[in-house]
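One structure below.
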Amino acid sequence: MKRLTSLLLAASVLLLSACTAQQGSGDQTTDEDTAALSAVTTPQAGAEAPEGATVIALSDSGVTVDGTAASTDEADAVYVANDIVFYLEGQDFTYGAGSADDAHSQAEADAHTVVHITKAGTYSISGTLSAGQIAVDLGEGAEEDPDAVVTLILNGVDITCTVAPAILFYRVYECGSDDAETASREVDTSAAGANLVIADGSVNNISGSYVAKIYKSVTLSEDGTQITDSKKLHKYDGAVYSKMSMNVSGETKGDGVLNITAENEGLDSELHLTINSGVINITSGDDGINTNEDGVSVTTVNGGTVTITVTGSLDGEGDGIDSNGWIVLNGGTVMAYACSSSPDSGIDSDMGIYLNGGTVISTGNMLDAIDGGSQTYRVFNSRQSAGAALTAQDGDGAELLSFTAPNDFSILVVSAPDRTEEGTYTRWSGGAQLAESTQSGGFGGGMEPPEGFDGQRPELPDGAELPEGFQGRGGFGGRGGFGGRNGALQVPDGTAHGQSSSQGTV
């Protein structure tokens, strides 16, 4: 049995410990933990701006562009205004689909400074806006113009927006197609017009809200009391949001940090999203990452470290990564913790999840089956409480990895590059064996669940219910079944758990 590499294990433990401490788990922290948390929460500038980049310095006392006070002229490449798009309070039902909880006053909106970017190019941004937004819009025709590309280098920024996304790409070049008939999980977003780069050595804090759906036009019923048809003008759910395909990458070293705190969703694209590198930490009220074109969107992770904790604070729900198309994980480290109290997944996809590489730890209360890929993974079913220290072991009792989940969960998916063997494995809780099964090799090998195990209805918190007929994309053993390998998962004595089993796939 191969062990996880020391590097991956060390990275997972450090990042998970930091995430848990931020969630107020009550765990004691070492001096090293305190230093790591300080680096995550305190903005700091990284490398010098690259040659040719426009330098934007943010400040509540005034924004500068290349050392000069920012213009208010809409014809300039960068200008500032107090014209943020938001959901206005006090409107009737023909205004939009939002509720009173989604609405804001005009005075709150007017307090926000919008830094508008209207020309293609590279922009290095640093500094603080306690009420503001970066808005990129290259205008009519930009979607079809391969030169309409904007790269935002985040170089020690702290931006808070309480009425809308803190960073918003409107119109830039769209490198992909929204044609569902030709859609594929294999996409290349290297030419995308929306690009976020996390500067080497920098820490960047983005705190954002959302804009509920505002109607462009409506068709009313004959009596004028109901909307029978409508067209959308605005709807932006993520703290960082792009209407076009978007790339997120670290700079050369890939050690820059992007912390996203989202009232609703964290990092969103209306078409494709590709994460190439960098350290990205997302705490969100709903989905951590969302790509939302039905049957088309692809969320791809090629590298970096992505940690997502869904609090469920908006509507009591939320997936870690949610794609209305595909999810393709090729490398890096992904740790996605879905909402504790809803039937959601750490990784959730409408069209399929493909696991080709990297380290994955995914928790939630629903299983979205892995549809393909070249890397093995394991699925465990057991109700566990937030803060429980979990250990995965092979059949010989050798430790594979340890982590602490910040949320309650019933389903755990674990994968890493060196998990290749197959055979008999067990699932443990506090030294007590809960399940054992012998697996066959190869994707779709299949298995019989332990006697008496439902496999379709993981135990949920009081008051939470799964949809009628839930089978978790085919249920356990569905969509090709589950094969496996030697392994075990242990939790400390006294940790709460319900009916438990373990399943794995190769």
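N324 and N292 are not linked by any side-chain donor-acceptor pair at a separation below 3.5 angstrom, with hydrogens and angles left out of the test. Side-chain atoms of T291 and T299 form a donor-acceptor pair, as typed in the model, at a separation below 3.5 Å. Side chains of N259 and N205: a donor-acceptor N/O pair is present below 3.5 angstrom, by distance only. A donor and an acceptor atom, one from each side chain of S71 and D73, are nowhere located under 3.5 Å apart.
Scanning both residues, S245 and S269, for their nearest heavy atoms gives CA-OG, 3.8 Å. Heavy-atom minimum distance, E89 versus S105: OE2-CB, 3.4 Å. The nearest pair of heavy atoms linking A148 to A120 is CA-CB, 4.3 Å. Considering all non-hydrogen atoms of both residues, C175 and A191 come closest at CB-C, 4.0 Å. N155 and A199 get closest at one heavy-atom pair: OD1-CB, 3.4 Å. Heavy atoms only, all atoms of each residue included: N365 and I411 are closest at C-CG1, 4.1 Å.
N195 contributes a side-chain N or O that, together with a main-chain N or O of A192, makes up a donor-acceptor pair within less than 3.5 Å. Here the side chain of N82 pairs a donor or acceptor atom with the backbone of D110 at under 3.5 angstrom. Proximity of a side-chain donor or acceptor of D344 to a complementary backbone N or O of A338 within less than 3.5 Å is not detected. Side chain of T307 to main chain of M335: no donor-acceptor pair is present (N/O by atom type, distance under 3.5 Å, no hydrogens or angles).
Within 6.0 Å of CD on E186 lie no more than 12 heavy atoms contributed by other residues, nucleotides or ligands.
Applying the side chain to side chain donor-acceptor pair (under 3.5 Å) test to pairs two or more places apart or on separate chains, those with a residue in residues 123-135 are D60-S130. Screening residues 261-280 for salt bridge (charged side-chain N to carboxylate O under 4.0 Å, His left out), with sequence neighbours left out, gives K243-E270. Sequence neighbours left out, the pairs with a member in residues 148-171 that pass ring pair (Phe, Tyr, Trp, His ring centres under 6.0 Å) are Y170-Y236. Every pair tested for ring pair (Phe, Tyr, Trp, His ring centres under 6.0 Å) that includes a residue from residues 188-209 fails, sequence neighbours excluded, so the list is empty. Residue pairs that meet the salt bridge (charged side-chain N to carboxylate O under 4.0 Å, His left out) test with at least one member in residues 165-177, sequence neighbours left out, are D137-R171.
Remark: M366 CE to S410 OG distance equals 11.0 Å, nearest 0.5 Å. Rounded to the nearest 0.5 Å, atoms CG (D348) and CG (L367) are 10.0 Å apart. Here the CG atom belonging to D145 is positioned 8.5 Å from the CG atom belonging to L138, to the nearest 0.5 angstrom.
Among residues two or more places apart in sequence or in another chain, the salt bridge (Lys or Arg N to Asp or Glu O under 4.0 Å) test is passed with D66 by none. In terms of the side chain to side chain contact (heavy atoms under 4.5 Å, CB included) criterion, residue partners of D179 (sequence neighbours excluded) are, by chain and number, S177, E181, T182. T261 is linked by a side chain to side chain contact (heavy atoms under 4.5 Å, CB included) to S207, counting only residues two or more places apart in sequence or in another chain. Under the rule for a ring-ring contact (aromatic ring centres under 6.0 Å, His included), Y215 has no partner lying at least two apart in sequence or in another chain. Partners of D237 by salt bridge (Lys or Arg N to Asp or Glu O under 4.0 Å), not counting sequence neighbours, listed by chain and number: K235. Residues that satisfy the ring-ring contact (aromatic ring centres under 6.0 Å, His included) test with Y79, not counting sequence neighbours, are H116. In this structure D255 satisfies the side chain to side chain contact (heavy atoms under 4.5 Å, CB included) test together with D200, K253, sequence neighbours excluded.
Side-chain atoms of T333 and V306, non-hydrogen and from C-beta on, never get closer than 4.5 Å to each other. D147 has its side chain out of reach of Y173: every pair of non-hydrogen atoms, C-beta onward, lies at least 4.5 Å apart. With a 4.5 Å cut-off on side-chain heavy atoms, I275 and L267 count as touching. Under the 4.5 Å side-chain criterion, counting only non-hydrogen atoms from C-beta, V248 is in contact with I280. No side-chain heavy atom of I198 sits less than 4.5 Å from a side-chain heavy atom of V257. No side-chain heavy atom of D286 sits less than 4.5 Å from a side-chain heavy atom of S284. With a 4.5 Å cut-off on side-chain heavy atoms, I206 and L258 count as touching. Under the 4.5 Å side-chain criterion, counting only non-hydrogen atoms from C-beta, L154 is in contact with I167.
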Can you list the steps and then say if T118 with D76 is a side-chain contact (heavy atoms from CB on, under 4.5 Å)? CA-CA 7 Å; T118 67; D76 288 339; over 6 Å; no
_Full working for side-chain contact (heavy atoms from CB on, under 4.5 Å) between I84 and C161_ = CA-CA 10 Å; I84 197 165; C161 186; 3.5 Å; yes
- [ ] Determine, step by step, whether S202 and N204 satisfy the side-chain hydrogen bond (donor to acceptor under 3.5 Å, both in side chains) criterion, reporting the C-alpha distance in whole Å, the side-chain angles of both residues, the deciding distance to 0.1 Å, and the verdict.
- [x] CA-CA 6 Å; S202 71; N204 305 273; 2.9 Å; yes
Stepwise side-chain contact (heavy atoms from CB on, under 4.5 Å) check, T300 with Y354:
CA-CA 10 Å; T300 305; Y354 290 80; over 6 Å; no
Stepwise side-chain contact (heavy atoms from CB on, under 4.5 Å) check, L152 with V136 | CA-CA 10 Å; L152 303 182; V136 178; 4.2 Å; yes
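T189 pairs with exactly one of M244, H272, M246 by the side-chain contact (heavy atoms from CB on, under 4.5 Å) rule, that one being H272.
In summary, the aromatic rings of Y241 and Y210 are positioned with their centroids too far apart to meet the 6.0 Å limit.
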